[in-house]
Amino acid sequence: MRAVSHIASLLLPVVWSDPEMKFLLAGIAAVSLMAGAAAIAKPTPPTIAQLAANPKFSSFDVSPDGKHLVALQAFGDDRHVLVWSTDNLQAKPIEFGATDMRVVGVQFVKNDVLAVSLWQRYDARLGLSVDKLFINKLMFVDLDGRNWRDPIPKARANTDVEARLQALSNPQVLSSLPDDPDHILVMSGPAFEEADIYKVSVHRPFAERVLRTEPETGDYIADRAGNIRIRSRFGEDNGGAYVAMDVRAPNGGAWKEAGRSYVKDRDTFSVLGFADDPNIAIVATNIGQDKIGLYEFDTTTLKLGAPILKHQMFDASNAITYRYGGSQVAAQGEILGVTYEGPNGGDVIWANPTFQALDKQIRAALGITQTPVRFVDTATGKEVTQNYDATKFYRITSYSADLSKIVIRVEGSATPPEYYLLNNGKLSLLAKTAPEIDTAALGETKLVYYKARDGMNIPAFLTTPNVELCGAGPWKAVVHPHGGPWARDEMNYDWSGWVPLMASRCMAVLRPQYRGSDGWGRALWKAGDREWGQKMQDDKDDGAQWMIDQKIAQPGHMAMFGFSYGGYAAMAAAVRPNGLYKCAISGAGVSDIKRIWRKYYDNAFFRDRQMGTVKGLNPVDFADQIKIPIMVYQGDRDDRVPVEQAEWFVDKAKKSGQVVEYHFMPDYAHGPAWTRAIFAQQLTYIDDWFKTGCGGGGL
């Protein structure tokens, strides 16, 4: 495997010298997709219906042989599968959908077979109790939409329990086996549960079990030939709960432990896959350092080798390998590039000369320019300014084996995804996902940093309104913490509609990457341990004060709105004294952190990994003393945060004398809604609260 030992080596200029691949670039160089200058008109804020709509088109994917293109098209609540011949994209595509279930995703597993992801409501009845859920299903179908098949044929359920287990089980494609035209590898259930691995025919009802999984194992990975060679394994020893990564030889044999990470230390050691050498794996680890890096790993000696990527500011995330047979473009399994958790999420640095040259030409054709951005290391405070895709960015989402067909997605915080096809060197627009939205009304988002009261550097994404629409600041403002809390925000388009809604209604929005957020390194991540509602909450309040100091926010006209953990933070903001907020919104918020962890963290893994980190302010204990008005909403199909969490808080908060508004939403889960009308209703609650509610008179 050709290792890339330092990030700087991936940024050197490249001289194009491959005559066999010049056709890829010939068409791009002549294409200009930049619109001419137009008269500046006042932007039009998007309607609730526009923000709540499904993407008009999505899931574009090209077949390995490049002969067909597939996508989803939305028709209100439903989505249909569309299949085109790439030689005649102007012709009417084959179109089909599903009844009773909703189509939510599609991709090729073979040249002539699609994997379709489906979604439906499910009421699980056991005795007198009913759990209201949404469930996902995976099905295979031919390109004409006629022959639908279960990945793994199911035996007839004889009991209610068996029926429920079958309904909740959702097989997952483990490997598409690109060298085998008929078979793929499928795992029968989720990781760390009862799940076996099968070699499945995509053309006939045949499934052969190739591996019976062992207890407490999961995340199996196969090499290109279909050999199951990597697994994760959960265990406990004197150091506490751990996750071990095991590897074995291509011909099978005994599993050997490649590395072990103890969950209480927040260590990561993950084998991601193999490159062109079958004995060299790609490993992601942060053991002994703040950031996750990518490394070579020798599976015969079990030794960590040369670094592939160590980013000074962000966690590395993955390596992009060439998934087809050897060609003049790349060797089978060659590393084409690496990704890291930058502001846009999954940022790519190309290592392969073909893709480096493509990158340059695609950027020029699509008008994607970089601007200087200041980055601060959250662990050391070190600063660096680098050119970055701060407005919009692109990703190569699919390509044919010979690279004659490449699907490209372009997006940004104010750019709903747009899809393009590079077809034998000619670049053309396939579709815009939200063509009705006036993107000028969505404002501008940038990465900022501010100091917390104890001196820690807190990254944040700041969205400011369009001046033509809203006038110059300061504006009304919302602090909008993400869920998790072990999660993070990115600068892509916000399909929840929350940030576009608030920005287009002339509110500045700050999304703080408070301590406890991941993807920014271990120091910021671990700094949130046992600080719920305390230092984690200080970070949010310090962001609010920073907006006031920077003349971005109007004092007295600030709110906090969050969902899930963000909903917890909104409840905490309501009970903490001396706050800066006029009101708050809590969606699916956790009000009692003591009781929820009894429900979810009843095994050693979760006890070691997260339960001990959840300490601090318990909002329900002080709900009758809230200091500001609050609106709470909760879905009846939420399988993460029980509805009781909202009811406990609301019932007690009504005794405070403050305005408390509560919305219980049928067929709404932990974010997803069964219909676009339900999703729009949720946005309407938020819009109305900030417009006329918030205790009276709006924000």
Side-chain angles (χ1 to χ4, degrees), residues 313-315 341-345 373-379 381 413 443-464 473-492 494 496 498-499 502-503 507-521 523-529 531-550 552-553 555 558-574 576 579-582 584-587 589-590 616-617:
M313 295 292 171
F314 302 102
D315 287 338
E341 295 301 318
N344 292 327
V373 173
R374 170 178 168 259
F375 297 109
V376 179
D377 185 358
T378 54
S413 56
E444 177 186 8
T445 299
K446 61 182 179 180
L447 173 67
V448 298
Y449 294 85
Y450 61 87
K451 291 281 189 181
R453 63 192 66 181
D454 64 356
M456 177 167 273
N457 290 292
I458 305 299
F461 296 110
L462 173 66
T463 302
T464 51
W475 303 275
K476 298 176 181 180
V478 180
V479 175
H480 185 47
H482 61 72
W486 291 1
R488 55 162 290 173
D489 291 306
E490 296 169 352
M491 287 176 61
N492 50 12
D494 177 19
S496 73
W498 296 330
V499 175
M502 293 183 285
M507 289 172 264
V509 182
L510 185 75
R511 290 177 285 167
Q513 307 305 289
Y514 50 85
R515 65 194 76 200
S517 303
D518 64 15
W520 304 85
L524 186 72
W525 190 14
K526 292 197 71 174
D529 291 359
E531 291 292 348
W532 283 49
Q534 298 171 153
K535 289 183 179 180
M536 291 171 75
Q537 199 74 14
D538 291 344
D539 292 345
K540 305 171 186 68
D541 294 351
D542 293 342
Q545 184 63 55
W546 175 84
M547 281 201 288
I548 293 172
D549 295 342
Q550 297 296 314
I552 297 166
M558 300 189 71
M560 183 178 289
F561 161 44
F563 191 89
S564 192
Y565 167 85
Y568 160 87
M571 291 175 174
R576 293 208 338 167
L580 298 170
Y581 311 106
K582 182 181 179 183
I585 299 176
S586 173
V590 176
L617 176 66

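Small disclaimer: the values here were computed from a predicted structure and weren't measured.
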Handout entry: Residue pair Val376 / Pro459, side-chain heavy-atom distance below 4.5 Å
Key = no

Handout entry: pair Thr445-Arg511: side-chain heavy atoms closer than 4.5 Å
Key = yes

Exercise for the section: Using the test salt bridge (charged side-chain N to carboxylate O under 4.0 Å, His left out), find all partners of Arg515 that sit at least two apart in sequence or belong to another chain. Expected result: Asp454, Asp539

Problem - Partner set under ring-ring contact (aromatic ring centres under 6.0 Å, His included) for Phe561, not counting sequence neighbours - result: His480, Trp498

Problem - Pair Trp546-Lys451, side-chain contact (heavy atoms from CB on, under 4.5 Å): steps then yes or no - result: CA-CA 8 Å; Trp546 175 84; Lys451 291 281 189 181; over 6 Å; no

Exercise for the section: Using the side chain to side chain contact (heavy atoms under 4.5 Å, CB included) rule, pick out the option among Val478, Ile552, Leu580, Thr464 that qualifies with Met547. Expected result: Ile552

Problem - pair Val479-Met558: side-chain heavy atoms closer than 4.5 Å - result: yes

Handout entry: Nearest non-hydrogen partners of Gly483 and Tyr514, listed with the distance
Key = O-OH, 3.7 Å

Problem - All salt bridge (charged side-chain N to carboxylate O under 4.0 Å, His left out) counterparts of Arg453, not counting sequence neighbours - result: Asp538, Asp542

Practice task
Using the test side chain to side chain contact (heavy atoms under 4.5 Å, CB included), find all partners of Asn492 that sit at least two apart in sequence or belong to another chain.
Solution key: Phe393, Glu411, Glu490

Exercise for the section: Test side-chain contact (heavy atoms from CB on, under 4.5 Å) on Ile458 and Leu524 and set out the steps. Expected result: CA-CA 8 Å; Ile458 305 299; Leu524 186 72; 4.2 Å; yes

Problem - Within-4.5 Å side-chain heavy-atom neighbours: Tyr450 and Leu462 - result: no

Practice task
Tell me, please, which residues at least two apart from Ala573 pass side chain to side chain contact (heavy atoms under 4.5 Å, CB included).
Solution key: Gln537, Met560, Tyr581

Handout entry: Close side-chain approach of Asp494 and Phe461, heavy atoms under 4.5 Å
Key = no

Exercise for the section: Find out whether Pro481 and Tyr568 are in side-chain contact, i.e. whether some heavy atom of one side chain is under 4.5 Å from a heavy atom of the other. Expected result: no

Practice task
Not counting sequence neighbours, which residues clear side chain to side chain contact (heavy atoms under 4.5 Å, CB included) with Ala584? List them please.
Solution key: Ala570, Ile628, Ile630

